[in-house]
Amino acid sequence: MMLSPEKPEPDLPWGQPDKETLLDSFRLECTPMPAEPADGEGKARSLSVPALSREEKRRRRRATAKYQCAHATRERVRVEAFNMAFAELRKLLPTLPPDKKLSKIEILRLAICYISYLNHVLDV
């Protein structure tokens with residue numbers, strides 16, 4: 001069975017309905033809007049609920065629990081990947097006690113020294 005946009009399958013739920021059926025299902029009741037608000041109606045509303053700036057919308061979105069939970073999860077994954085990369089780099093570096101615990105800055109400094117040593121060995 002081959003699916004094609006030109007020939008929709010009649011038994012599939014995503015087959016294309018005819019235009020009239022589609023329009024009937026989405027028909028909306030529209031009421032005309034007044035050209036100008038009555039005296040004092042629109043002014044009080046606009047003063048009480050100001051339009052939010054892009055930065056304010058971003059701040060409010062970031063304050064939601066769902067966003068904070070997702071952000072914490074992303075950060076946890078990022079930090080875990082970062083720590084795994086340091087662990088892999090640590091395995092490649094020679095140290096006197098092989099299981100010596102090194103900080104991240106010590107790992108980076110040792111990697112720089114080891115790379116320069118390997119360059120020196122290749123040049124000789």
Side-chain angles (χ1 to χ4, degrees):
M1 175 171 88
M2 184 170 167
L3 297 178
S4 158
E6 294 85 25
K7 299 176 185 176
E9 297 285 331
D11 59 333
L12 296 177
W14 58 81
Q16 296 174 348
D18 61 335
K19 292 179 183 175
E20 291 178 14
T21 307
L22 188 63
L23 289 175
D24 288 342
S25 65
F26 292 112
R27 196 168 302 268
L28 297 173
E29 294 290 327
C30 296
T31 57
M33 291 185 61
E36 275 187 30
D39 293 337
E41 276 182 22
K43 293 178 184 175
R45 174 183 254 185
S46 65
L47 291 177
S48 64
V49 182
L52 299 175
S53 68
R54 180 180 289 175
E55 186 62 31
E56 182 62 28
K57 288 178 185 176
R58 186 177 299 135
R59 232 181 271 125
R60 285 188 181 190
R61 184 177 61 244
R62 289 179 178 171
T64 63
K66 182 180 177 182
Y67 182 90
Q68 289 174 351
C69 182
H71 177 72
T73 303
R74 286 191 307 269
E75 181 66 12
R76 199 174 305 112
V77 168
R78 186 191 71 81
V79 168
E80 185 177 323
F82 187 73
N83 289 336
M84 284 177 29
F86 267 101
E88 290 296 315
L89 179 59
R90 171 65 188 90
K91 289 177 188 175
L92 300 173
L93 300 174
T95 55
L96 271 174
D99 57 344
K100 182 179 184 219
K101 176 72 174 153
L102 298 172
S103 69
K104 291 174 182 163
I105 190 69
E106 290 172 330
I107 292 172
L108 291 175
R109 288 181 178 150
L110 187 59
I112 291 168
C113 291
Y114 188 55
I115 290 169
S116 64
Y117 166 74
L118 292 175
N119 280 333
H120 177 71
V121 169
L122 288 174
D123 289 342
V124 173

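Here the structure is a predicted model, which means the values were calculated and not measured. Along the sequence shown, residues carry numbers from 1. Scope of the values below: all heavy atoms of this structure, side chains included, with no hydrogens, waters or symmetry mates.
When all heavy atoms are compared, the tightest approach of K57 to L52 is CE-O, 3.6 Å. Contact record, R62 with Q68: O-CG, 3.4 Å, taken as the closest heavy-atom pair.
A continuous path of ILVMFWY side-chain contacts below 4.5 Å connects L93 to F82, so both sit in one hydrophobic cluster. Residues L110 and V121 share a hydrophobic cluster, clusters being chains of Ile/Leu/Val/Met/Phe/Trp/Tyr side chains in contact below 4.5 Å.
Atom CZ of F86 and atom CG of L108 lie 4.0 Å apart (nearest 0.5 Å).
V124 forms part of no hydrophobic cluster, judged by ILVMFWY side-chain heavy-atom separations under 4.5 Å. With side-chain heavy atoms closer than 4.5 Å counting as contact, directly or through intermediates, L122 stands alone and belongs to no larger hydrophobic cluster.
The list of side-chain hydrogen bond (donor to acceptor under 3.5 Å, both in side chains) pairs with a residue in residues 97-110, not counting sequence neighbours, reads N83-K104, S103-E106.
Shown here is R74, whose CZ atom has more than 12 heavy atoms of other residues, nucleotides or ligands within 6.0 Å.
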| task | Could you check R60 against E56 for salt bridge (Lys or Arg N to Asp or Glu O under 4.0 Å), going step by step and ending with a plain yes or no? | result | CA-CA 6 Å; R60 285 188 181 190; E56 182 62 28; 3.3 Å; yes
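By the side chain to side chain contact (heavy atoms under 4.5 Å, CB included) test, E55 pairs with S53, R58, R59, sequence neighbours left out. Every residue two or more places apart in sequence or in another chain that forms a salt bridge (Lys or Arg N to Asp or Glu O under 4.0 Å) with R78 is listed here: E75.
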Listed pairs under 3.5 Å, donor-acceptor, residues 111-118 side chains, sequence neighbours left out:
{"residue": "S116", "atom": "OG", "partner": "I112", "partner atom": "O", "Å": "3.4"}
{"residue": "S116", "atom": "OG", "partner": "C113", "partner atom": "O", "Å": "2.8"}

